[in-house]
Enquirer: 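First, the structure itself, so that you have it in front of you.
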Amino acid sequence: MTEKDFIPSPYHITVAGGKVTYKSPSNIALVKYWGKKENQIPANPSISFTLDACATTTTISFIKLSSVANEFQFDLYFEGKPKEDFNPKIRTFFKRIVPYMPFLTAYHFTIETSNSFPHSSGIASSASGMSALALCLMEIEKQLNPKIETDYYYKKASFLARLGSGSASRSIEGDIVQWGEHEKTKGSSDLYGIKYPYHVHDIFKKYHDTILLVDKGEKQVSSTVGHNLMHGHPFAGQRFAQAHENLTKLQSVLANGDLDAFIKIVESEALTLHAMMMTSQPYFILMKPQTLEIINRIWAFRKKSGTHVCFTLDAGANVHVLYPEIEKDEVHQFIKNELVTYCQNGQYIHDRIGFGAKKMI
Ligand code: DP6
């Protein structure tokens with residue numbers, strides 16, 4: 001599919017107004033997206049586990065305007081209160097997607113959004129937030145064109161979410177989602193995420209992710225700025241090639257359930273992501289001393305216990321602790337005994353692999 005396939009033909013149905021709600025999860029990348037081209041095209045393919053507990057719920061109420069507006073008409077409420085700070089982000093998003101969603105200038109939208117996780121937790125909400133918004137808009141488009149088929153509906157939702165935030169393209173459908181063209185993955189695309197299309201071993205069907213909230217402060221460098229620093233980065237070419245290779249290796253691991261091999265790929269990806277940050281110009285460090293303490297504790301515990309607990313990181317100091325269901329009790333005890341002390345205000349979130357966004361009404 002190409003971008004053109006997402007431009008709708010004129011709508012023939014008139015809808016005066018309505019209300020739609022979606023709950024969309026966050027996701028955690030195993031092979032990381034870091035670096036992008038024009039129009040939110042990723043520099044390399046990435047793959048993630050969809051989460052369950054960390055999610056955003058968004059409701060859009062829409063009313064047809066008497067005439068087409070020059071400016072987008074919307075009000076935004078975050079956790080029940082007007083949130084002006086989000087307006088520029090939404091406006092930019094609408095501007096980017098209006099060629100694919102021409103009805104955006106024909107309605108007034110009231111957007112009410114809230115997160116399941118504390119908003120001061122430092123957890124990135126762009127993946128769950130943008131995917132929930134994209135799905136609500138898709139639901140409105142479906143009212144204007146009821147003939148839209150399910151496959152197209154989800155592909156376009158992911159396509160739109162990607163234009164809001166790259167990782168959001170992986171928060172629509174499925175427990176494991178891949179985004180970005182990869183030679184060895186049929187149906188993979190730079191334009192949208194797809195449900196991982198190959199066999200997955202049972203051990204990965206109930207994987208856990210405990211998110212340790214190490215630092216809840218504002219990040220010094222946003223993801224968008226970080227992505228841009230991959231342009232002209234001395235190791236960019238090798239890094240992008242490595243992501244392709246890691247994805248290929250991960251395909252066998254996901255099929256055969258080899259957890260030792262899984263750990264090697266996932267931890268290396270996390271550290272490579274941060275190595276790219278440390279070697280860009282300007283360079284920066286998002287990990288905190290507690291991040292490193294936690295990593296060392298995980299390595300020591302893994303050796304001692306023979307469990308398969310491992311870590312990954314996103315673009316921040318928080319640590320995602322990954323482990324299979326069968327080791328849950330042992331790992332929970334370890335987290336309580338040894339890791340909570342490194343979390344800000346002792347905060348952490350027990351999450352697990354989830355199955356994608358849900359329409360609420
Ligand atoms: C480190 O999706 O937040 O979490 O496309 O600029 O919105 P934008 O970036 P974003 O980047 C996420 C980067 C990451 C890795 C990943 O999720 O793959």
Side-chain angles (χ1 to χ4, degrees), residues 1 3-25 40 55-80 82-83 86-115 125-165 168-174 191-193 356-361:
M1 284 180 99
E3 269 109 342
K4 283 208 184 90
D5 296 314
F6 294 111
I7 299 175
S9 27
Y11 308 119
H12 295 299
I13 294 181
T14 315
V15 178
K19 195 172 175 177
V20 294
T21 301
Y22 255 102
K23 181 175 179 187
S24 233
Q40 295 283 105
T56 299
T57 302
T58 298
T59 296
I60 300 188
S61 314
F62 56 104
I63 297 175
K64 199 161 171 62
L65 299 166
S66 50
S67 60
V68 168
N70 300 326
E71 275 284 316
F72 298 115
Q73 305 284 318
F74 66 90
D75 296 311
L76 188 118
Y77 296 85
F78 178 65
E79 279 159 16
K83 183 96 175 160
F86 284 0
N87 289 0
K89 211 167 177 181
I90 304 289
R91 209 170 287 286
T92 307
F93 177 54
F94 277 14
K95 220 161 134 186
R96 262 194 212 159
I97 66 167
V98 72
Y100 310 103
M101 294 254 129
F103 69 83
L104 285 178
T105 51
Y107 288 89
H108 176 277
F109 303 95
T110 303
I111 307 167
E112 293 165 274
T113 187
S114 60
N115 293 334
S125 56
S126 69
S128 53
M130 282 299 172
S131 60
L133 191 55
L135 280 157
C136 284
L137 294 175
M138 225 24 240
E139 194 55 28
I140 299 173
E141 178 157 80
K142 194 163 164 53
Q143 294 186 14
L144 295 164
N145 177 12
K147 286 199 187 121
I148 289 178
E149 285 179 7
T150 311
D151 181 59
Y152 179 84
Y153 180 99
Y154 287 119
K155 277 196 175 123
K156 184 163 174 181
S158 175
F159 171 87
L160 298 170
R162 179 196 108 242
L163 291 170
S165 178
S169 68
R170 299 189 312 243
S171 273
I172 305 288
E173 256 198 306
L191 300 181
Y192 46 80
K358 279 195 201 86
K359 189 161 84 177
M360 305 305 278
I361 38 175

Enquirer: Might you work through the side-chain hydrogen bond (donor to acceptor under 3.5 Å, both in side chains) test for Thr56 and Ser128, ending with a clear yes or no?
Expert: CA-CA 5 Å; Thr56 299; Ser128 53; 2.7 Å; yes

Enquirer: Out of curiosity, Phe109 CZ to Phe94 CZ, how far, rounded to the nearest 0.5 Å?
Expert: 5.5 Å

Enquirer: Which word best sums up how the rings of Phe159 and Phe6 line up, parallel for under 30°, tilted for 30 to 60°, or perpendicular for over 60°?
Expert: parallel

Enquirer: Would you please name every residue forming a side-chain hydrogen bond (donor to acceptor under 3.5 Å, both in side chains) with Arg162, sequence neighbours left out?
Expert: none

Enquirer: Could you tell me which non-hydrogen atom of Pro25 sits nearest to which non-hydrogen atom of Ser171, and how far apart they are?
Expert: O-OG, 2.8 Å

Enquirer: With sequence neighbours left out, what residues match Glu139 under salt bridge (Lys or Arg N to Asp or Glu O under 4.0 Å)?
Expert: Lys359

Enquirer: About how many Å separate CD1 of Ile148 and OH of Tyr153, when rounded to the nearest 0.5 Å?
Expert: 8.5 Å

Enquirer: Return the minimal non-hydrogen interatomic distance between Ala161 and Ala134, and the atom names on each side.
Expert: N-CB, 3.7 Å

Enquirer: Compare every heavy atom of Gly193 with every heavy atom of Ser158, then report the nearest pair and how far apart it is.
Expert: OG-N, 2.7 Å

Enquirer: Can you measure from CG (Leu137) to CZ (Phe103) and round to the nearest 0.5 angstrom?
Expert: 5.0 Å

Enquirer: Does the side chain of Ile63 reach to within under 4.5 Å of the side chain of Tyr107, using non-hydrogen atoms?
Expert: no

Enquirer: Is any side-chain heavy atom of Phe93 less than 4.5 Å from a side-chain heavy atom of Met130?
Expert: yes

Enquirer: Are side-chain heavy atoms of Pro102 and Tyr11 found at a separation under 4.5 Å?
Expert: yes

Enquirer: With sequence neighbours left out, write down each residue that passes side-chain hydrogen bond (donor to acceptor under 3.5 Å, both in side chains) with Arg91, or none if nothing qualifies.
Expert: Glu71

Enquirer: Is any side-chain heavy atom of Glu112 closer than 4.5 Å to a side-chain heavy atom of Phe78?
Expert: no

Enquirer: So, taking the atom named CE in Met101 and the one named CG in Leu163, what distance separates them when rounded to the nearest 0.5 Å?
Expert: 10.5 Å

Enquirer: Given 3.5 Å as the limit, does a donor-acceptor pair link the side chain of Ser114 with the main chain of Glu79, or not?
Expert: no

Enquirer: State, with a plain yes or no, whether a side-chain heavy atom of Asp75 is found less than 4.5 Å away from one of Tyr77.
Expert: yes

Enquirer: Quick check on side chain to side chain contact (heavy atoms under 4.5 Å, CB included): which of Gln143, Met360, Lys142 does Val20 satisfy it with?
Expert: Gln143

Enquirer: Taking the side chain as every heavy atom from C-beta outward, state whether Ile140 and Ile60 have any atom pair closer than 4.5 Å.
Expert: yes

Enquirer: Report, as yes or no, whether the 6.0 Å neighbourhood of atom CG on Leu65 holds more than 12 heavy atoms from other residues, nucleotides or ligands.
Expert: yes

Enquirer: Could you tell me which residues satisfy side-chain hydrogen bond (donor to acceptor under 3.5 Å, both in side chains) with Asn87, sequence neighbours excluded, listed by chain and number?
Expert: none

Enquirer: What residues, two or more places apart in sequence or in another chain, satisfy salt bridge (Lys or Arg N to Asp or Glu O under 4.0 Å) together with Lys83?
Expert: Asp85

Enquirer: Under the side-chain contact (heavy atoms from CB on, under 4.5 Å) rule, what do Thr58 and Thr21 come out as? Steps first, then yes or no, please.
Expert: CA-CA 6 Å; Thr58 298; Thr21 301; over 6 Å; no

Enquirer: Would you compute the distance between atom CG of Leu133 and atom OG1 of Thr113 and round it to the nearest 0.5 angstrom?
Expert: 7.5 Å

Enquirer: Any side-chain heavy atom of Ile111 sitting closer than 4.5 Å to one from Phe86?
Expert: no

Enquirer: Taking atom NZ of Lys23 and atom SG of Cys136, what is their separation to the nearest 0.5 Å?
Expert: 13.5 Å

Enquirer: Tell me the salt bridge (charged side-chain N to carboxylate O under 4.0 Å, His left out) pairs involving residues 146-157, sequence neighbours left out?
Expert: Glu141-Lys156, Asp151-Lys155

Enquirer: Restricting to non-hydrogen atoms, name the atom on Ser126 and the atom on Ser165 that form the minimum distance, rounded to 0.1 Å.
Expert: OG-OG, 3.1 Å

Enquirer: Do you know the tightest heavy-atom contact between Leu135 and Ala357?
Expert: CD1-CB, 3.3 Å

Enquirer: One pair to check against side-chain contact (heavy atoms from CB on, under 4.5 Å): Phe72 and Thr105. What are the steps and the verdict?
Expert: CA-CA 6 Å; Phe72 298 115; Thr105 51; 3.9 Å; yes

Enquirer: Carefully, step by step, assess Tyr22 and Thr57 under the rule side-chain contact (heavy atoms from CB on, under 4.5 Å).
Expert: CA-CA 6 Å; Tyr22 255 102; Thr57 302; over 6 Å; no

Enquirer: Do the side chains of Met1 and Tyr152 get nearer than 4.5 Å, heavy atoms only?
Expert: yes

